[in-house]
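Structure first, then comments.
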Protein chains: 2
Amino acid sequence: MKLSTKGRYGLRAMIDLAIHSKENQVSIKSISERQEISENYLERIIALLKKAGYVKSTRGAQGGYMLTKKPEQISVGNILRALEGDLNPVDCSLINDDKVCLESGLCVTKFVWKRISDSINDVVDNISLQDLVNEQIEIDKSQLSR
Amino acid sequence: MKLSTKGRYGLRAMIDLAIHSKENQVSIKSISERQEISENYLERIIALLKKAGYVKSTRGAQGGYMLTKKPEQISVGNILRALEGDLNPVDCSLINDDKVCLESGLCVTKFVWKRISDSINDVVDNISLQDLVNEQIEIDKSQLSR
DNA sequence: ATCATATCCGAGTCATTTAGTAGGAATTAT
DNA sequence: ATAATTCCTACTAAATGACTCGGATATGAT
């Protein structure tokens, strides 16, 4: 019941992009340095985010990545689902369906999985990238004043 | 971000025990047959539940397993945590701590992980084994009347 | 006592997934 | 041209997940 590094690194990369790609393209290399994630691996992760439409790229020198939308318009749920797949605790095709599973014994547990799933999605869909950027700014402030 | 078979099978086994171990000991074999889970594997899973104190056993002929408490007193959270470990989406020692992570970049995401974690635990701690038994009874009824 | 029925328990296996690496092709600003 | 950059395919090592096996131990019934 854990997120993989894709989800964890990817969210950090997106926060990084939200902070640094306001005007300029941001290269993998610079994200990699700030976030201490290997360039190669980060590249793969950002490719997924690009494919999902949250990031756009420019190739060649001075190229790099930018967000396609404002950080307010991208939720943590968007990011995590792009990287991790659905956030359901089980693979059950009927989880969002009122049908009763064939095996009635399996069926009861479905209610549990659905409630877990709903609660996770509710949390991540109600945190925007901007919320995290704001948190980050607060943290940076409090670190400075010490 | 998935539960393993331990959690899924284990929850079904516990529901089975809640229904069938009211008077008699219930053998691995009989749970295995009803739930279609291999005896060997089920044995390992129930060992975990026993270790966690939710199940007790009697060895030898006519032996088997029983719940140690009433189904009302065992939550789905108790069961899942016994089988899966904590239900946090990341391994972060500071997740339940107000400390700031050393790497400030990592820290912001911690708020996300904590909120996910809290919401999952809130859901599973508020569903008791008895709730699921009741659901099961309802399902069985509606299946009968078709 | 013996035997069938159970749990207990350590070890081993096989497949899948995770978490990357490596290396080169394609693109573009300077 | 060249340096910087994304893009893309293939590969690998380690960890995890999902089991199986076989034998030891315990116990009620005959």
### Message
Checking side-chain polar atoms at under 3.5 Å, does Q25(B) have a donor or acceptor matched by the opposite partner on T58(B)?
### Response
yes
### Any T58(A) side-chain nitrogen or oxygen under 4.0 Å from OP1 or OP2 of dT28(C)
no
### Query
If Ile, Leu, Val, Met, Phe, Trp and Tyr residues are connected whenever their side-chain heavy atoms lie under 4.5 Å apart, and connections chain through other members, are I19(B) and M66(B) in the same group?
no
### Summary
R8(B) CZ to dA18(D) C1', in whole Å, measures 10 Å
### Query
Whole Å only: how far is the CG atom of L48(A) from the P atom of dC8(D)?
12 Å
### Task
On DNA chain D, check which nucleotide each of S57(A) and Q62(B) is closest to and give me the residue with the more 5' one.
S57(A)
### Query
Where each residue is assigned the nucleotide of DNA chain C containing its nearest heavy atom, which of A61(A) and T5(A) is assigned the position nearer the 5′ end?
T5(A)
#### Entry: For atom CD1 of I31(A) and atom P of dA4(D), their distance in whole Å
18 Å
### Query
What nucleic acid atoms does I28(A) come within less than 4.0 Å of, heavy atoms only: base, sugar-phosphate, or nothing?
sugar-phosphate
### Message
Quick check: on DNA chain D, is the nucleotide nearest E39(A) upstream (toward 5') of the one nearest S38(B), or the reverse? Name the residue that is more 5'.
### Response
E39(A)
### Query
Please give, in whole Å, the distance from dT16(D) P to M1(A) CE?
17 Å
### Message
Can you see if the side chain of S4(B) gets near the phosphate of dG17(D) - specifically, an N or O under 4.0 Å from OP1 or OP2?
### Response
no
### Query
Does any donor atom in the side chain of T68(B) or K56(B) lie under 3.5 Å from an acceptor atom in the other side chain?
no
### Task
Starting at atom CD1 of I45(B), determine the distance to atom C1' of dT7(C), rounded to an integer number of angstrom.
16 Å
### Message
Can you measure Y41(B) atom OH to dC14(C) atom C1' for me and round it to whole angstrom units?
### Response
14 Å
### Message
Heavy atoms only, 4.0 Å cut-off, all strands: where does E43(B) land among base, sugar-phosphate and nothing?
### Response
base
### Message
dG20(C), OP1 or OP2 - any side-chain N/O from Y9(A) closer than 4.0 Å?
### Response
yes
### Message
Over all strands shown, is K56(A) touching base, sugar-phosphate only, or nothing at heavy-atom distances under 4.0 angstrom?
### Response
nothing
#### Entry: D16(B)/R12(B) salt bridge by N-O under 4.0 Å criterion
no
### Query
Is the shortest distance from a Lys or Arg side-chain nitrogen in D122(B) or R115(A) to a carboxylate oxygen in the other one below 4.0 Å?
no
### Query
Quick one: which of E138(A), Q130(A), Q136(A) gives a side-chain hydrogen bond (donor to acceptor under 3.5 Å, both in side chains) with N134(A)?
Q130(A)
### Task
Determine whether any donor atom in the side chain of R59(B) lies under 3.5 Å from an acceptor atom in the base of dA6(C), or the reverse, and answer yes or no.
no
### Summary
Assert: residue with more 5' nearest nucleotide on DNA chain C, out of E84(A) and R44(A), is E84(A)
### Message
At 4.0 Å (heavy atoms only), tell me whether K2(B) reaches a base, stays on the sugar-phosphate, or touches nothing.
### Response
nothing
### Message
dC8(C), OP1 or OP2 - any side-chain N/O from Y65(B) closer than 4.0 Å?
### Response
yes
### Task
To the nearest Å, give me how far apart NZ (K29(B)) and P (dT5(C)) are.
7 Å
### Nearest-Å distance for atom pair NZ/P, residues K50(A) and dT27(C)
12 Å
